[in-house]
J.: 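After the structure tokens below, expect a handful of questions from me.
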Amino acid sequence: MNITDSIFYVGVNDRNKHLFEGLWPVPYGVSYNSYIISDGKTALVDTVDVNFFDKYIGKIHEVIGDRKIDYLIINHMEPDHSGSIKLIRKYYPDIVLVGNKQTLAMVNGYYGETGATLEVKDGDVLSLGKHQLSFHLIPMVHWPETMVTYDSTENVLFSGDAFGCFGALNGGVIDCKINTDIYWDEMERYYSCIVGKYGAQVQRALAKLAGIPIDTICSTHGPVWREEIPRVISVYDRLSKYEAEEGVVIAYGTMYGNTEQMAETIAETLSENGIRNVVLHNLSKSDQSYVLKDIFKYKGLILGAPTYNNSIYPEMEYLMSKLEMRDLKHRYLGCFGSFTWAGQAVRRLDAFADKVKYEVVASSVEMKQGFCSDIKEKCINLAVAMADRLKSDRI
Ligand code: FEO
């Protein structure tokens with residue numbers, strides 16, 4: 001598949017995996033993208049998950065036949081891209097592995113590679129003939145060794161995971177030749193789950209790349225971007241600034257439906273008070289990757305859970321832990337909880353609120369045993385406070 005006359009797609013689709021990183025569902029699959037730049041010298045950019053090596057080497061041979069590969073450029077060492085390095089070296093014993101200092105140390109650590117390497121520094125240039133490749137370090141997007149490779153001859157950015165998304169490629173590869181509808185939500189979910197902790201580093205990377213003319217983005221997951229480059233960059237820019245739309249995610253745990261009555265009352269009140277974007281997630285059912293995606297999307301967050309084992313309902317503990325890990329910022333928060341004989345859930349939610357320093361819109365609502373008119377009134381007040389806070393941001 002041609003990206004340009006001399007750049008070829010040799011990636012593979014994984015429609016078998018249930019959980020990416022063993023954590024995140026991939027209902028549309030995921031692609032591991034790799035590219036060949038064919039010039040006086042030939043370069044392979046990143047590899048694929050080793051489980052797909054047979055298919056991968058077949059694609060490489062289709063593009064270059066028996067020609068040798070001179071360089072393997074390693075933008076990112078996570079094994080979904082580096083997994084085939086060892087086998088590539090077996091097929092092409094003279095290949096030179098190109099990476100920065102941290103990358104080459106990781107190559108050795110993961111694969112015990114001792115063959116030819118070329119260590120590059122930020123801004124270094126490698127000539128393939130017509131194609132001039134420069135290397136730009138973007139540490140912690142989302143590993144420390146991450147870099148991007150820029151082909152100034154054809155204005156192509158090989159961006160590693162940056163600008164990537166979940167979703168296998170359905171036939172075509174380049175955005176202008178395929179229906180990209182499924183990828184936008186999957187980009188936000190990918191970002192929230194995989195990159196979300198590193199907003200400041202993504203901002204630094206965007207600033208660093210801002211002056212470079214880019215006609216094509218070749219990332220390691222999802223479509224090759226050409227027509228949609230402004231939208232892709234704006235998604236990454238917005239998410240990495242932790243900017244959010246008007247709306248509320250109500251994430252709650254419930255065992256017998258009592259705590260859920262609080263969630264439903266809050267949702268109805270938000271709607272009655274002019275908040276159109278209200279998303280409820282029952283944490284026993286919603287996969288947390290979708291909850292995270294929606295929390296990254298909307299400004300308001302309301303968390304609710306029962307007490308469980310003298311602590312909080314476990315699914316809520318997992319969610320709070322994921323939010324803390326991602327250092328998510330700039331949210332309005334409200335909390336509610338319940339107990340039967342000794343209340344702990346609200347105490348734990350309040351401790352979370354203190355720690356993450358979100359703006360708390362109202363006191364937490366605590367319910368003992370069943371739902372009643374007094375609790376209903378408190379839930380309504382919480383929802384009204386959230387709606388008022390959100391509406392105060394309207395211009
Ligand atoms: Fe797709 Fe961070 O590896």
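Both ligands and their constituent atoms are indexed starting at 1 by order of listing. Just the heavy atoms: all of them, side chains too, but no hydrogens, waters or symmetry mates, feed the values below.
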J.: Between NE2 of His76 and NE2 of His142, what angle is found at atom 2 (Fe) of ligand 1, rounded to 10 degrees?
T.: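 Angle NE2(His142)-atom 2 (Fe) of ligand 1-NE2(His76): 100°, rounded to 10°.
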J.: What do you reckon, are the aromatic ring centroids of Phe20 and Phe166 less than 6.0 Å apart?
T.: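 Close enough - the centres of the two rings lie under 6.0 Å apart.
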J.: Measure the acute angle between the ring planes of Phe352 and Tyr358, then classify it against the limits of 30° and 60° as parallel, tilted or perpendicular.
T.: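 Answer is perpendicular, since the angle exceeds 60°.
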J.: Any carboxylate oxygen within less than 4.0 angstrom of a Lys/Arg side-chain nitrogen, looking at Lys299 and Glu245?
T.: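 No.
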J.: Among the N, O or S atoms that Glu78 has, which is closest to atom 2 (Fe) of ligand 1?
T.: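 So the atom name we want here is OE1.
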J.: Has His81 got an N/O/S atom less than 2.8 Å from atom 2 (Fe) of ligand 1?
T.: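 No.
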J.: Indicate, with yes or no, if Tyr9 and Val148 share a hydrophobic cluster defined by side-chain heavy-atom contacts under 4.5 Å among Ile, Leu, Val, Met, Phe, Trp and Tyr.
T.: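 Same cluster.
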J.: Given the rule in the ring pair (Phe, Tyr, Trp, His ring centres under 6.0 Å) test, do Phe8 and Tyr35 qualify, once you have shown the distances and angles that lead to the verdict?
T.: CA-CA 5 Å; Phe8 302 88; Tyr35 306 90; over 10 Å; no
J.: What N/O/S atom of Asp161 gets nearest to atom 1 (Fe) of ligand 1?
T.: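 Looking only at N, O and S atoms of Asp161, the one nearest atom 1 (Fe) of ligand 1 is named OD1.
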J.: Is Asp80 close enough that one of its N/O/S atoms sits under 2.8 Å from atom 2 (Fe) of ligand 1?
T.: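 So Asp80 does not bind atom 2 (Fe) of ligand 1 by this criterion.
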